[in-house]
Every structure is written in structure tokens, then in C-alpha cells.
Amino acid sequence: MVVATGNADTTVGHPTVGHPTVGHGELIKAVDRALTTHGRALLTGPAGSGKTEVLRALTEAAALRHETVLRLAPGAADRWIPEASAAALLASVPATALVSLSGPQRTAIALLRRETDAPRAGRDHVALRLAVVEVLRTLAARGPVLLALDNAQWIDAESIDLLRFALRLTPPRVRVLAAECVQGGAPLCEPLCGPDTPLIRVPPLGTDEVAELLVRRGLPARLAGRIHQASGGNPRLALALGHSLAEAADSRAGCAHHADPLPVSGQAREVARRLLGVVPAQARRTLLFAALADRPTTALLRRAGRPDAEAELAVAERAALLTVEEDGTIRFTAGALPTALAADAGWPERAAGHAALAAAVDDPVQAVRHRALAVDAPDEALAAEVTEAAAACRRRGQRALAAELGLLAADRTPGHLPGEELARLVGAAEDAGWAGRADLARRATRAVLARDASPADRVRARLAVIDAEGQALGSLDETFAHATADAEGDPALEAAIRLRLAWKHNLSDGDPVRSRDAAAQAGVLARSGGDQVAEAMALTVRARMGRILGDPDAEEILAEALALPAPEVPLGMRNAPQYLAVRHALFDDRLADAGRQLLVLLPAVRRTGSAEDVFEVLRSLTEVELRRGRCAAATAHARDALRLTVEAGLSPGPAWYVAAMAEAMGGGFPRAAGYARRGIQASEEEHDQIFLSRGLYVLGLVELATGEAAKAVATLRRVAELEAAQQVVDPSILRWHGELAEALVAADAPDEAAELEDRVRTTALGLGRTSVIAALDRARGLCLSAHGEAEAAVALLEDTAERFAVLELPLERARTLLALARVERRRRRRAPARAALAAAAEAFARAGATPWAELAREPSPSPSGKEGGGGARALAALTEAETRLAVLVAQGASNQEAAAKLFVSVKTVEARLTRIYQKLDVRSRAQLATTLRVH
């Protein structure tokens, strides 16, 4: 415990779990308001939830306001030592605050400081109480006092009684902030603060906040979804899990996979144990049963021999360890908690729990699973039952559970049946590959390779590892090499490997030419091996790469793939020609057709059990609905895609891109930028070139929309560089070209924008990409306006808005009307500008494009009822880039500082500033500042 007075920063405490601004900004404001209004505030939450960081932020702010801060942070052992906390508090009070004490009071304090463990009978307790009152009054006479009590649950009862008496007699300038861990009951220090004290709970962090926390600690952002799910948003547990994953990855000289099980060991297990430690032993046994069950309910636990389940679960629920729904469904708040419960229980206790659950569950698959987990010896009949249960899961589409059961069946297979054991291991690997469970795929494959497996089985197992990696194929060169060696001489297996190499060349290497060539080889091999499904997949890759490369034969190749029979799609619907046909419909703006086909595919892929297939359909639905101007529907699909990604442990980069797109059009620009940055980082970590480009595109779009033109230019140029490196020719796949051209115009580089438009227009005309040409014409209209050709600009923008209406692209039309309004305003035609702005606002509102509707709000009139006088009209003549520079200079920025903030050269700033002076008829920075201030 220490004291911080004035500006002194001597407050110390537990190591910081996370920066207090990560998810706690609003909470800090709420606590501060409670302290201001009531003079008391009680902060509660589980261990590691961030209470200490919130308290530290508030005490530091108080110290900066020249308040006296008394901070007390007792330990667990202090709770059993009478008056230990009071002694620690008084030991840190400045000596100057003790001068006015009477003799008996000074003696009482001296005895307390020296003899906290001595018999209390001989002390003058009345003098001690009055001394504490006098000390607090003395400090309050000098200024406000904040008494900050961290770990308040460990304050001994005698100290609470003493402080409660003193605080009743101190002036309002003494405020109290207590932070206490949730203990499953009423706050222990509530008597100290009083019954009317505002009780403020620390909320768990969201997925975005966990991602920010990980980034600040140098941990991979792509793990944020999994870590959020496992930690329940508890910052300390999230960081412990992140470090455990990083250490596990280092130990195998690789990077942590987004779908790996989170190792609840070391620090993570200690944090989980501390969270669980508030629950009595009897209730912990009930929690163990819930942890072992697949879908725990109170009814199931009662049938399994826990008659007091509701009461015991209520204790855990008050401690924020789980929630019990109205139907009795039990959900742990953090996924690491059931793992820690099972890990800390001994084998006999776990076996007994599984045996009890086996007799209580009503799902035959789960009954077999529990019976198998209740024994640890080989059992031929049981292994066969588990194998049949795995097959049932496969039919249900529960491929991850099928993989777990396959591994369990192999483990229960007797040693005299090596063939059956190997078949079960290979089947488990393939199920894991389908489900995207890289951990299970690797585990099964290691077991296959450790046995006398045939080359075909080894290849099948290694292919499963490749399939399970999702977007992260960049680190699998060795796996590909071993699989290729084992497959030699078997054209069907070689075709399967070449097909996956084609995917890798596209996703991880960003090389569509190599991808197309590998797919062509795969097609030849598949035809030779008689595998028509693989042949269709290979043709699909060729068609996809052909579209990227601007190959006019791409549609014919796709038609050839669609003509092949493909009743089942063992390598995923996302790689099937039927799905690529939907993507091409989206690229061609045949949106109604694409939407109908996707809604047919969605239930089909849900039945297959492939999370990646479901995600891909949801991604395409989001993009289709956004193009159609249905932002609410798009947001719902994006939300489903993000939830699925977290639950299934998929690569998060694509999901964050989808969420960013939905937010950029129908949510909010700040959230969109946050999702985009997460997606960019995750894609960079996984070497995913495709979704790196997409994440950057969304970020550039948001920067353009929010007026950060220079940043938008820099971001979208990265997209252009990536697409050039990937040899992308067709501009309809990722439509960044018009956005970059608009950003260049806004950044005062219209000539460069015109050059880009002309270059892309030639390609778009050759390929017949009508809507791409319309987007380029919107940018062209802004270019004409920047060059002073206002009449031509207005005519082109009006025509472009009509073409977007014919194409049934309402958001693109609305954006064009917004651009038209700006051009009209710049040439001082207020009535046409208002009309265009009103039409844009109506279109955005009808589409649910909330952030764009905000951009289209009409500017507030001047006090006189007019838009402004001559000065305002002069300001309206400035381009967006000139306006931003004018504001920076008026705020006192030097040319060098302005250049750095706008991402341009000093020469560009000087030239632009000269034009600003000429347009506004000013001669100095002071006159410029005055002009801006007046208008």
C-alpha cells in the first residue's frame, strides 16, 4: 500500500494485466461519475477481469488533479489478521497528517503500526478510531482525498469496522473506491461503503478488445476469436492463454494455429484455478460433471446423480463462472474453465463422471462416447460401437465430433486388429481435415505415420492436415513434399496433391499463373485416374484463375466443369464449380441469381458439416446483399459468419473482412476500420494474400469516406501493388480502382487519377465490366470538377447515377449522387446540391447504410439562414485536400508537420498552400486562421 499525493506517481500494485483503455474506457467514466455523485463506488468482477487496471487509471487521474490518493491492496493472508489493513493504511499516511493528533491518539496509532499481531485487549480502541477520523479530516482540509481499496475482499473485519466508523465522520471530500473479486455472494466490503453505494461490475472484453490486448502484447491477432471464447473476455486469462499458445508454437518451431486447442497449463491453469476457487468442493464436483458433458443441462446433472445441481450451480453463477438458461442449459463463461476442471480432476473422478453421464444422456452417440471415456483398456466391441457413432456423426454433419470419436475408437482398438486401428485413424484424420480441426488432424496423422501404413494411407492423412489448415497453407511445404513422394505412381493421389498445391499458389503465394498450371496438371492426372470429382475441381481452379487473369476462356472452362457429374464434393463446396458459378454471377452483378443460388446452397453446406463451406456461402451472401443495398440482411449474414469462425476455429482474416464490409456500409466507420485492421494483421500473419488485399480495400474505403484521402491513397496503393504482384487483370473481382481514383482526386492528384481511370477503363471495356466502368466514371466526374470542368462533371455524374439505377446498384447510385452534390456545392449551385444530397440521403436510408446517410446530411445553415457569404463561398471552392491542409495550418502546423500528417511531400504542401491563399485572398497563416474561424 502506498500514498500518491499531488503529482507524485508512487502508486504500485499488481503487474498490469492489460492497458486500462482496452475495453474499459466507458467503465472508467462510469466509476468516475459514481464517485462524483455518491462519493463511493464498489467495483466487482472475477479475478483478472481488470479491476486493478481501472482502479489504477482512476487513482492516477486523481493524482494528476492534485488529490491525495491513499491506496490499500491487502493480500489473502491479511484477512485473518485483525486490523492488519488499517495498520497498513496508517503506516503510509504522511507524517504531517499526524501532527495535530492528541497524545492518546498518537499512541494508539504507534501501537497499531508496531503490534498488528499483538493482543488487542490492551489498546485504546476509542482513541484509535478518533485518530483515523482526525487523519482523514486533516488530509481532506488540504484538498480532495481518494481512498482506493484494491482486493477489498481481503480486508479484515476489524479494519472494515474501523474504517466504516471513520468514514461516517469525514467530510464529503473523502471519496472511497473499493475493488473486490466476485465471491459468489454479497460484496464483503459493502458494509464499509454503505448499502446505497453504486455497485459496478467489470464487463468482460469483447472479441475486438481481446484482439487489441493481444496486439499490444505482441501476440497473434488471428487467435483473438479462440482466445476470447476460451477466456470469456477475462483479460488476465486471455493473456495467459495467448502466452501459452505462443510458447507451444515455439516448442514445435512453428506458428500457433487458429484452430489449435488452447493449452490450459502453467499460468493459464493458475488463473482458471483462482476463478474456480471461490466455489465449494461439493459444487465443484457438479461443475466437473457439467464440464464433461457435451450439452450440459440441470436435468442431465440431476439424472447423473447430482440432486442439488440447481443450488450448486447458482453459487457458480453468482461468481460469474457460468450461466444457466431458462431451459436449464448450462454455459461456462470461459471455455478454459471446463478444461481446467477436467484436467485438475483425477482419472477415477473423471471416469466416474463419464460413467454417470453415460447412463443419463438421451443421445446414443454421447452415451457411447461417455462409456468409452469411462474406461482406459482396449475393448473390441466398444471400439466398434464408437466407430459406428463416428459414422452417425458424419451423417449428421458433425465432422469434428466424428474425428474425436474416430481417435477414441482407434485408442480402444485391441492390438491384434492393426488394420482396423489404422483405418479408424485415417478416417479420423479426414474428418478433422473436413472440420478444419488442425490439432486433431495432426494427432491422427502422427499416429498413422508411426504405424506400418501404406503410401496411400500416409497421403490421405497428410492431405487431411493440409485441408485442416484453412487459409494458412504457407508453412506446409514439407507436408506437400512428403505427400508427393508417397503418391508417386498413383495418378488419383497425385491429382489430389496438385489440386491443393493450386489452392496454395493462389492463397499463400498470390500467384494465379502457377495456380492455373498446377490445376491443369491436376486435371490431367484426375482424368487418368478416373476421378471425375477431382477433375471438376481442377477445372474450377482453372476457371477461377482465368477470371483473375482476364482469360476470355474462363467461362467456357467453368461450363466444362459444371458438365461433369459431381454428386458429392469431398473437397468442399467452396471449391466446386457450382459455387464458382455463383461468384461469377456476383462479379457480373447478376445479384438476384446469385442470391437465389446461395440460399439453395446454404442448407446443403450446413448438412455437410464443413464450417469453411458454410462460411464461404455466408461471405458471398453478405457481399451480394451489400451490392443489392440490403445492409441489414448483409449485417446478419456477416454476424453469422463471424460467430461460425470463432466457434469452428477458422482463419479469422476472412471473417474480419466480411464484418468490416458490413460495418462500412451498414454499421459504423470506426468499427469497420477496427475489423479491417484485425483482418489485415491476421492475413499477414497467415500469409493470406487474397484476404490481405480485401482487408486493405475495406480500410481504404473507410478512410476515403471519412475524409482521410492521403491515408486512403496509401492504403489503396498497397492493394494495387498486391493485385499487380498477383497478376490480377479483371477489375470486377475487387473493385478498388474507382476508390483509388477518387482518393487521388481528393488528395489533389487528379492527373494521376485520370491516368489510372484510362488504364483500367481499357481493360474493363475489353471484358465488358459495365459497373466497373460506371464506378470509374464517378471518379472521372470528380476529376473533371477538380480541373474546373464543372458542367462536364455534372453531366457525367448525372448520367452515371442513372446507369447505376438501371444496374440495380442502389448504394453505388447514392454514392454518385453524393459526389454530384459536392460538385454542385463547389460551383455554388445550392438548390441542385441540396436536391442531389437529399436523393442520396434517401437512398442510403432506404438501404440501411447508416454511416453513409450521416455523410449525406445537409450542412447546417448559417445564423442568417443562408449557407454563408462570400467567405464561405470561397471556402467551398477549396478541394477536400486543400481544406484539410488549411485546417492543419490554421491550427498551427508547420509545413513539415502538415506533410507528415497528410502523407505528402513538403513541396506538395507549399504548392497547395499557395493555391489556398489565392482562392481565399489571404496572405498569411494568421489571416487564413481568421478566415476559417469566421466561416
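Please read these numbers as outputs of a predicted model, since none were measured by experiment.
- Residue Leu288 holds its CG atom at 7.0 Å from CZ of Arg285, rounded to the nearest 0.5 Å.
- The side-chain heavy atoms of Leu300 and Leu357, taken from C-beta on, include a pair separated by under 4.5 Å.
- The structure places CG of Leu341 at 8.5 Å from CG of Leu321, a figure rounded to the nearest 0.5 Å.
- Side-chain atoms of Leu237 and Ile227, non-hydrogen and from C-beta on, never get closer than 4.5 Å to each other.
- Side chain of Thr333 to backbone of Ala320: a donor-acceptor contact under 3.5 angstrom is found.
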### Task
Kindly indicate, with the supporting measurements, whether the criterion side-chain contact (heavy atoms from CB on, under 4.5 Å) is fulfilled by Phe332 and Thr323.
CA-CA 6 Å; Phe332 284 93; Thr323 58; over 6 Å; no

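- Looking only at distances, no side-chain donor or acceptor of Arg412 sits under 3.5 Å from a matching main-chain atom of Pro378.
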### Query
Would Leu322 and Val324 satisfy side-chain contact (heavy atoms from CB on, under 4.5 Å), going step by step from the backbone distance to the final call?
CA-CA 7 Å; Leu322 52 79; Val324 181; 3.8 Å; yes

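- Salt-bridge formation is detected for the pair Arg395/Glu388: a Lys NZ or Arg NE/NH1/NH2 atom is positioned less than 4.0 Å from an Asp or Glu carboxylate oxygen.
- The heavy-atom pair separating Ala224 from Val210 by the smallest distance is O-CG1, 3.9 Å.
- Trp434 carries Arg399 over the face of its six-membered ring, with the cationic atom under 6.0 Å from the centre and within 45° of the normal.
- Asp613 contributes no side-chain N or O that, together with a main-chain N or O of Ser610, makes up a donor-acceptor pair within less than 3.5 Å.
- Here Asp327 pairs with Thr329 under the side-chain hydrogen bond (donor to acceptor under 3.5 Å, both in side chains) rule; sequence neighbours left out.
- Every residue meeting the side-chain hydrogen bond (donor to acceptor under 3.5 Å, both in side chains) condition with Arg451, not counting sequence neighbours, appears here in chain and number order: Glu421.
- Taking 4.0 Å as the cut-off between side-chain N and carboxylate O, Arg79 and Asp156 do not count as a salt-bridged pair.
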### Task
Kindly determine whether Asp150 and Thr52 satisfy side chain to side chain donor-acceptor pair (under 3.5 Å), including the steps that lead there.
CA-CA 7 Å; Asp150 200 4; Thr52 296; 2.9 Å; yes

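- Between Leu301 and Ile330 the shortest side-chain heavy-atom distance falls below 4.5 Å.
- Classification of Arg442 and Glu469 as a salt-bridged pair holds, one side-chain N sitting under 4.0 Å from a carboxylate O.
- Contact record, Ala464 with Ala429: CB-O, 3.1 Å, taken as the closest heavy-atom pair.
- A distance-only check finds no donor-acceptor pair linking the side chain of His637 to the backbone of Arg619 [under 3.5 Å].
- Contact check on Glu312 versus Arg284 returns no salt bridge, with no Lys/Arg side-chain nitrogen under 4.0 Å from an Asp/Glu carboxylate oxygen.
- At a threshold of 4.0 Å, the pair Arg394-Asp431 counts as salt-bridged, since one of the basic side-chain nitrogens sits closer than that to a carboxylate oxygen.
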### Task
Please report the C-alpha distance between Leu405 and Thr387 in whole Å, then the side-chain angles of each, then the deciding distance to 0.1 Å, and finally whether the side-chain contact (heavy atoms from CB on, under 4.5 Å) criterion is met.
CA-CA 7 Å; Leu405 290 171; Thr387 301; over 6 Å; no

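- When the salt bridge (charged side-chain N to carboxylate O under 4.0 Å, His left out) test is applied to Glu310, the partners found at least two apart in sequence or on another chain are Arg302.
- Salt-bridge formation is detected for the pair Asp363/Arg396: a Lys NZ or Arg NE/NH1/NH2 atom is positioned less than 4.0 Å from an Asp or Glu carboxylate oxygen.
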### Query
Does the side chain to side chain donor-acceptor pair (under 3.5 Å) test come out yes or no for Glu686 and Ser651, once each step is laid out?
CA-CA 8 Å; Glu686 294 194 333; Ser651 297; 3.1 Å; yes

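- When side chains are defined from C-beta on, Val202 counts as touching His24, because their heavy atoms get closer than 4.5 Å.
- Between Ala76 and Trp154 the shortest heavy-atom distance is CA-CD2, 3.5 Å.
- Between atom CG of residue Leu425 and atom CZ of residue Arg446 there is a gap of 12.0 Å, rounded to the nearest 0.5 Å.
- Ser231 places a side-chain N or O within donor-acceptor distance of the main-chain N or O of Gly233, the cut-off being under 3.5 Å.
- The two residues Ala390 and Ala402 make their nearest non-hydrogen contact at O-CB, 3.5 Å.
- At distances below 3.5 Å, at least one donor-acceptor pair connects side-chain atoms of Lys51 with backbone N or O atoms of Pro46.
- At least one side-chain heavy atom of Gln282 sits less than 4.5 Å from a side-chain heavy atom of Arg306.
- In this structure the side chain of Val658 never reaches within 4.5 angstrom of the side chain of Leu642, judged on heavy atoms.
- The structure places CG of Leu214 at 9.5 Å from CG of Leu241, a figure rounded to the nearest 0.5 Å.
- Between Leu373 and Arg350, the closest side-chain pair of non-hydrogen atoms is not below 4.5 Å.
- Annotation: side-chain hydrogen bond (donor to acceptor under 3.5 Å, both in side chains) contacts involving residues 370-380, sequence neighbours excluded, comprise His354-His370, Arg371-Glu385.
- Checked by atom type and distance alone, the side chain of Asp688 pairs as donor or acceptor with a backbone atom of Phe691 at under 3.5 Å.
- How far CG of Leu407 is from CD of Glu404: 8.5 Å, rounded to the nearest 0.5 Å.
- When the side-chain hydrogen bond (donor to acceptor under 3.5 Å, both in side chains) test is applied to Arg274, no partner is found at least two apart in sequence or on another chain.
- Once rounded to the nearest 0.5 Å, the distance linking OG of Ser49 with CG of Leu43 reads 7.5 Å.
- Using modelled atom types and a 3.5 Å distance limit, the side chains of Thr445 and Arg462 yield no donor-acceptor pair.
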### Worked check of side-chain contact (heavy atoms from CB on, under 4.5 Å) between Ile200 and Thr44
CA-CA 6 Å; Ile200 302 172; Thr44 70; over 6 Å; no

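- Remark: Arg273 pairs with Glu270, Asp344 by the salt bridge (charged side-chain N to carboxylate O under 4.0 Å, His left out) rule, at least two apart or across chains.
- No option in Arg437, Arg460, Arg424 other than Arg460 meets the salt bridge (Lys or Arg N to Asp or Glu O under 4.0 Å) test with Glu430.
- Between His228 and Gly206, the closest heavy-atom pair is CD2-C, 3.5 Å.
- Minimum heavy-atom separation, Ala178 to Ala152: CB-CB, 4.2 Å.
- Residues Val31 and Ile28 are not in side-chain contact: their nearest non-hydrogen atoms beyond the backbone lie 4.5 Å or more apart.
- Between the Asp457 side chain and the Val448 main chain, no donor and acceptor come within less than 3.5 Å of each other.
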